[in-house]
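Here's the structure, in structure tokens; my notes come after.
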Amino acid sequence: MKFSRLRGVKDVFGDETEIWEKISSAARKMFSLYGYSNIITPVIEDVNLFARGIGEGTDIVLKEMYDFKDKGDRHIVMRPEGTASVVRAYIENSLPPKSDLYYYGPMFRYERPQKGRFREFFQIGAESFGDPSPFKDAEVIKLAEGLLKEAGIQDRALVINNLGAKKDYRYNLVKFLEERKEHLCGDCLKKMERAPVRVLDCKNEKCKEAVKNAPLITDNLTPEAAAHYAEVKRLLTECGIKFTEDPKMVRGLDYYTGTVFEFTTSILGPQQNTILAGGRYDNLVAEFGGKSTPATGFAMGLERAAEVIKSQQTGAADEMSGAFIVYDSKHREMAFSILNMLREAGIKTLMDFEDRSFKSQFREADSKRVRHVIVIGDTEAQAKRLAVKDMKDGAQINIEINEAAAYLKAGK
RNA sequence: GCGAGUGUAGCUCAGUUGGUUAGAGCACCAGGAUGUGGCCCUGGGGGUCGCGGGUUCGAAUCCCGUCACCCGCCCCA
């Protein structure tokens, strides 16, 4: 019986895990620099956490949740994103009012798979609680940018917006759209009720034309939001962060209330080009029953970030390192003890346990890109010495066994 | 969820109007004088032609279904 993986999920290994590790170590470094601590929350949660948190009307909740009933008849969902869980945990565990947290783990969405879009995907995210200041927004964006930079992602652009509109904005926008109803596509008509701002972002040419003079959110911010937004922009410039503004950018999660931002890349195609996104959500903690607490955060998609790094990689060969033991089968015991000795001395050492020709063993040593080959044939075994060949220049020397570790460690 | 495309060896792909034992390159394995890699040469292993059904004397090739990937839309990281 042969099995294959389920739709939209993938096995990650080899070069790709290497890139993932590079990203996560970049993340650990940046988070520690900014004083964030790690939080691990369960993959499964109660459905209502996301229905309430992300928004009842969003696509994620409406049709993309991986949900099921467990044996106790509980309605469970495999988390489609990280923020709702972290907010829940923040309240439930009475974490300090000011908390800076980061997380790493798999998320699940029942979507049609495509390049850079999976049903199980990994996110690294950050959530900062308790600070309403525009400085915090700028700091979070600076952190996000630092993380991308540290991970080696050069191909990135930052887009920002603010969603702090006046109360009557939505009403006025809907009214504007109602008047142009006949020019809008079917999707937009649906969006009009649920998330009217989204209509402004439609790619359909007719819709674009129809909404050309629609009231923009940035022209209808509350005085506080406008001041906050201006301050965030000033601070970003102060930090040396380049950005563009997009008054039509809206995020797909309903909880955002102020600054929103997205880092995009050009290599993933127009629909999956967001690699990191986030924003301010000052009402969510209160909506979840906690004490009213301002908050802001972001999430990065590992698969997409890795894809960008992969596309940037030059074909440079890896450095040669470590040693490979080539031996005559009669002396396998001796070779094995040398192997253990070198490893205990902290030297990366490889060896093949099958009886293979010197030629085969050397070929393997070469493909493993080791710097040195230790040869143990009859001559060496009798003299209780080792021949050490430098695979870079082909030079070979003969040394005492107890000199080997020091010699290899010295490298070249 | 809607619309289109693709699916042949580990990888990238050939495969003529349906016709014998399905091919190439790369990768892998072995050998190329006496124990020594890369380049080169010789040989070798490896394929339920995505899967299931149908048409036919005969199907990788035609038809139907199904699964997967991928592209556009939707949405999002």
Side-chain angles (χ1 to χ4, degrees), chain A residues 2 4-10 14 23 54-55 57-64 80-83 104-125 144 148 185-188 190-191 194-195 198 201-204 249-253 262-265 268-278 297-308 317 320 324-331 354 356-381 387-396:
Chain A
K2 199 174 154 189
S4 51
R5 74 188 95 86
L6 261 25
R7 181 167 206 202
V9 300
K10 62 192 270 186
I23 297 170
I54 303 173
T58 59
D59 274 22
I60 292 181
V61 168
L62 245 33
K63 46 184 205 192
E64 294 174 3
E81 61 107 42
T83 301
Y104 172 92
M107 307 293 160
F108 302 83
R109 286 180 205 170
Y110 196 88
E111 293 185 278
R112 188 109 170 215
Q114 233 173 88
K115 196 185 202 68
R117 192 172 81 182
F118 306 92
R119 289 186 169 182
E120 179 190 36
F121 58 98
F122 283 71
Q123 285 189 338
I124 292 178
L148 295 174
C185 67
D187 283 329
C188 284
K190 269 185 247 161
K191 280 188 261 184
R194 231 169 59 199
R198 206 73 66 73
D201 216 17
C202 186
K203 270 111 198 156
N204 188 305
M249 181 179 80
V250 290
R251 315 261 32 267
L253 284 45
E262 277 186 6
F263 281 93
T264 60
T265 178
L268 277 168
Q271 303 310 321
Q272 281 84 238
N273 63 357
T274 304
I275 47 177
L276 184 155
F298 65 81
M300 172 174 73
L302 256 278
E303 291 80 358
R304 291 183 185 180
E307 198 71 33
V308 178
M320 293 198 284
F324 192 100
I325 301 177
V326 170
Y327 63 97
D328 182 290
S329 59
K330 288 195 292 291
H331 309 299
E354 292 168 288
R356 302 170 79 194
S357 67
F358 272 48
K359 185 192 190 102
S360 295
Q361 294 183 69
F362 263 92
R363 276 184 178 160
E364 183 162 355
D366 190 62
S367 74
K368 291 270 164 63
R369 294 199 60 75
V370 296
R371 179 64 196 267
H372 297 282
V373 164
I374 292 159
V375 184
I376 304 172
D378 290 341
T379 329
E380 290 77 16
V388 180
K389 178 168 180 172
D390 186 327
M391 294 296 274
K392 213 163 183 176
D393 57 23
Q396 189 163 316

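Hydrogens, waters and symmetry mates are skipped; everything else that's a heavy atom, side chains included, is used. The chains referred to below are lettered A, B, ... by the order of the sequence lines, with proteins before strands, and numbering in each begins at 1.
Arg112(A) contributes a side-chain N or O that forms a donor-acceptor pair with the base of rG3(B) under 3.5 Å. At a cut-off of 3.5 angstrom, the base of rG35(B) holds no donor-acceptor pair with the side chain of Gln361(A). Judged by distance alone with a 3.5 Å cut-off, a donor-acceptor contact links the side chain of Lys359(A) to the base of rG32(B). No N or O donor and acceptor, one from the side chain of Arg356(A) and one from the base of rG35(B), sit under 3.5 Å apart. At a cut-off of 3.5 angstrom, the base of rA77(B) holds at least one donor-acceptor pair with the side chain of Glu111(A). For a distance-only test at 3.5 Å, the side chain of Ser367(A) fails to qualify as a donor-acceptor partner of the base of rG37(B). At a cut-off of 3.5 angstrom, the base of rC69(B) holds no donor-acceptor pair with the side chain of Arg5(A). Arg109(A) contributes a side-chain N or O that forms a donor-acceptor pair with the base of rA77(B) under 3.5 Å. A donor-acceptor contact under 3.5 angstrom links the side-chain atoms of Lys389(A) to the base of rG37(B).
The phosphate of rG72(B) has OP1 or OP2 within less than 4.0 Å of a side-chain N or O from Gln114(A). For Arg7(A), no side-chain nitrogen or oxygen approaches OP1 or OP2 of rC67(B) to under 4.0 Å. Remark: Arg363(A) is in phosphate contact with rG38(B), judged by side-chain N or O atoms under 4.0 Å from OP1 or OP2.
Taking atom P in both rG45(B) and rG53(B), one finds a spacing of 30 Å when rounded to whole Å. For the C1' atom pair drawn from rU21(B) and rU55(B), the interatomic distance equals 26 Å after rounding to whole Å. Taking atom C1' on both nucleotides, rG46(B) is separated from rC29(B) by 10 Å, rounded to a whole Å. Comparing the P positions of rU42(B) and rG35(B) gives an interatomic distance of 26 Å, to the nearest angstrom. Only the P atoms considered, rA77(B) is 32 Å distant from rC13(B), to the nearest whole Å. For the P atoms, the distance linking rA27(B) with rC11(B) amounts to 15 Å, nearest Å.
In a base pair of the Watson-Crick type (N1 to N3 plus N6-O4 or O6-N4) or a G-U wobble (N1-O2 and O6-N3), with each distance short of 3.5 Å, rG38(B) is matched with no nucleotide. Pairing for rA24(B) goes to rU12(B), judged as Watson-Crick or G-U wobble with the two contacts each under 3.5 Å. The partner of rG43(B), taking Watson-Crick or G-U wobble pairs whose two distances both stay under 3.5 Å, is rC29(B). Nucleotide rC62(B) has rG54(B) as its partner under the Watson-Crick or G-U criteria, with both atom distances under 3.5 Å.
With respect to the salt-bridge test (charged N to carboxylate O, under 4.0 angstrom), the residues Glu364(A) and Arg356(A) qualify. Salt-bridge formation is detected for the pair Asp328(A)/Lys330(A): a Lys NZ or Arg NE/NH1/NH2 atom is positioned less than 4.0 Å from an Asp or Glu carboxylate oxygen.
Listed here is the closest heavy atom pair of Leu276(A) and Ala144(A): CD2-CB, 3.7 Å. Closest of all the heavy-atom pairs between Met107(A) and Gly82(A) is SD-N, 3.8 Å. Val373(A) and Ala365(A) get closest at one heavy-atom pair: CG2-CB, 3.7 Å.
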Quiz prompt | Contact state string [nucleotides 7-13 of chain B, B base, S sugar-phosphate only, - no protein heavy atom under 4.0 Å] | solution = -------

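For the pair Arg109(A) (side chain) and Pro80(A) (backbone), a donor-acceptor distance under 3.5 Å is present.
Expressed to the nearest 0.5 Å, how far CZ of Phe122(A) lies from CD of Glu303(A) amounts to 7.0 Å.
Distances were taken from every side-chain heavy atom of Phe358(A) (C-beta onward) to each of rC73(B), rG35(B), rG37(B); the shortest belongs to rG35(B). For Ser360(A), taking side-chain heavy atoms from C-beta onward, the closest of the listed nucleotides rG72(B), rA30(B), rA77(B) is rA30(B).
Where Met300(A) and Glu380(A) each meet RNA chain B at their nearest nucleotide, the meeting point lying more 5' is that of Glu380(A). Heavy-atom nearest nucleotides on RNA chain B were determined for Val326(A) and for Lys63(A), and the one closer to the 5' end corresponds to Val326(A).
In this structure, Gly8(A) reaches the sugar-phosphate backbone alone: every heavy-atom distance under 4.0 Å involves primed, P, OP1 or OP2 atoms, never a base.
Between the side-chain ring of Phe362(A) and the base of rU36(B), a stacking contact exists by the 5.5 Å and 30° definition.
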